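Before any comments, here is the structure.
We name chains A, B, ... by the order of the sequence lines, and we start the count at 1 in each one. As the structure is a prediction and not an experimental result, all values here were calculated from the model.
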Protein chains: 2
Amino acid sequence: MPNNQEQFKDLLRKNGLKVTNQRIAILEALSDRPGEHLTAEEIYDVVKKDYPDIGLATVYRTIQLLSELNLIDKLNLDDGYVRYEIGSENPEENCHHHHHLICLDCGNIYAFQDDLLENLESRIKETLGFDVVNHEVKLYGYCKECINNRAVKSN
Amino acid sequence: MPNNQEQFKDLLRKNGLKVTNQRIAILEALSDRPGEHLTAEEIYDVVKKDYPDIGLATVYRTIQLLSELNLIDKLNLDDGYVRYEIGSENPEENCHHHHHLICLDCGNIYAFQDDLLENLESRIKETLGFDVVNHEVKLYGYCKECINNRAVKSN
DNA sequence: TGATTCTATGCCAAAGGTTAACAATACACA
DNA sequence: TGTGTATTGTTAACCTTTGGCATAGAATCA
Ligand SMILES: [Zn+2]
Ligand SMILES: [Zn+2]
Ligand SMILES: [Zn+2]
Ligand SMILES: [Zn+2]
């Protein structure tokens, strides 16, 4: 995704930050894996293949940077790890991120976009005067496959 | 809330667990503070006033117990602490918990109940076959007071 | 009430993800 | 190419949370 990469370099330069191989490599690792939710350690392992001398602290620092630049999204599943994934396609508009369906059986994570949430937010603005600018939604349940597997088992 | 307390004792006994002063004290500390979101350390400090010899590990163990019994709810604000609060009034029905509006300015947390989410969940069931049984929603933005304060400042 | 059993507690140490310190490196700009 | 400064890699520290273990105490029954 060279488009994303050029945007990233420009963003760095605009903010007086330096373009380094490590930063590019980490963004690439995430860009190559859309839909995956990687921990810092997992990113570290991926990047080390092409860049064996990179340090874990650099991964943490770069992750934080990418997150502040809204290029990656954070996901906390309360399992002791914070996970990251590449953000939306057009990062310049402050568009809402996608949200997560987490299967309690197989652990798979599915994404969904939010349309109905805007109703909720406008109603909150009306009734409480609270202006929502960002949101994080996690829905827990059972995915189609696991539901089917259960039905088969109980036969 | 003696009602809640008796329910708690019964729940413990039903599960072959013992009723201890520490467990009662921790549930009381949370019951006395509805709407507050306390860390383990904060609960520890509160309970120590009436029960100076309690250990921090007991607080952690009891919190986990109360959480498994659905008597308290967990809240993670990604600030390095997990917070807890007393759950809904009637814990026997598996009712949905309330959700949180977090002000990015003053840090206050406001609660709201979810009605519109059921629309979302039924639509997800239709389109993706995913059966939602629980959800966690955090909305970030600016509360009424902070919006007013800003308007005053900019005059 | 007193003995018995086994859970729960308190204390302490360890775990484990994340961050800080700091000297060495390398990017940016001339 | 040289200079200045941000960035990196290494290492140790941080800090919330969990585990181990001996002791205390709740539950049960005689
Ligand atoms: Zn995702
Ligand atoms: Zn599944
Ligand atoms: Zn709450
Ligand atoms: Zn506010």
Strictly distance-based, threshold 3.5 Å: is any side-chain N or O of [X] a donor or acceptor partner for the main-chain N or O of [Y]?
{"X": "R23(A)", "Y": "K18(A)", "result": "yes"}
{"X": "E42(B)", "Y": "T39(B)", "result": "yes"}
{"X": "K138(B)", "Y": "N134(A)", "result": "no"}
{"X": "S122(A)", "Y": "N119(A)", "result": "yes"}
{"X": "D79(B)", "Y": "Y81(B)", "result": "yes"}

Report all interatomic pairs (protein N or O, nucleotide N or O of nucleotides 10-14 of chain D) with separations under 3.5 Å.
none

Give the rounded distance in Å between these two atoms: [atom1] of [X] and [atom2] of [N].
{"X": "Y81(A)", "N": "dT16(D)", "atom1": "OH", "atom2": "C1'", "value": "15 Å"}
{"X": "D79(B)", "N": "dT16(D)", "atom1": "CG", "atom2": "P", "value": "10 Å"}
{"X": "Q22(A)", "N": "dG9(D)", "atom1": "CD", "atom2": "C1'", "value": "9 Å"}
{"X": "N21(B)", "N": "dA24(D)", "atom1": "CG", "atom2": "P", "value": "16 Å"}
{"X": "I24(A)", "N": "dT8(D)", "atom1": "CD1", "atom2": "C1'", "value": "15 Å"}
{"X": "I63(A)", "N": "dT8(D)", "atom1": "CD1", "atom2": "C1'", "value": "15 Å"}

Write down the protein N/O and nucleotide N/O pairs, taken from nucleotides 27-29 of chain D, whose separation is under 3.5 Å; answer none if there are no such pairs.
residue : atom : partner : partner atom : Å
dA27(D) : OP1  : V19(B)  : N            : 3.2

request  = Assess the side chains of H37(B) and E85(B): does a donor N or O sit below 3.5 Å from an acceptor N or O?
outcome  =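 On atom types as modelled, these side chains qualify, holding a pair under 3.5 Å.
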inquiry  = Can a side-chain donor-acceptor contact be found between E136(A) and H100(B) if the only test is distance below 3.5 angstrom?
reply    =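 Short answer, no.
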ask   = Going 5' to 3' along DNA chain C, which nucleotides are the first and last within contact of chain A (any atom under 4.0 Å from a heavy atom)?
value =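 Boundary nucleotides touching chain A, in 5' to 3' order, are dG17(C) to dA28(C).
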task = Can you see which heavy atom on A40(B) is nearest to which on L56(B), and at what distance?
result =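 That would be O-CD1, 4.3 Å.
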inquiry  = Could you tell me if R150(A) sits above the aromatic ring of Y142(A), with its cationic atom closer than 6.0 Å to the ring centre and no more than 45 degrees from the axis?
reply    =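 So R150(A) does make the cation-pi contact.
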key: Side chain to side chain, R83(A) and L77(A), heavy atoms closer than 4.5 Å   =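 Contact flag for R83(A)/L77(A) side chains = yes.
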key: Parallel, tilted or perpendicular: rings of H99(A) and F112(A) (30°, 60°)   =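 Ring orientation of F112(A) relative to H99(A): tilted.
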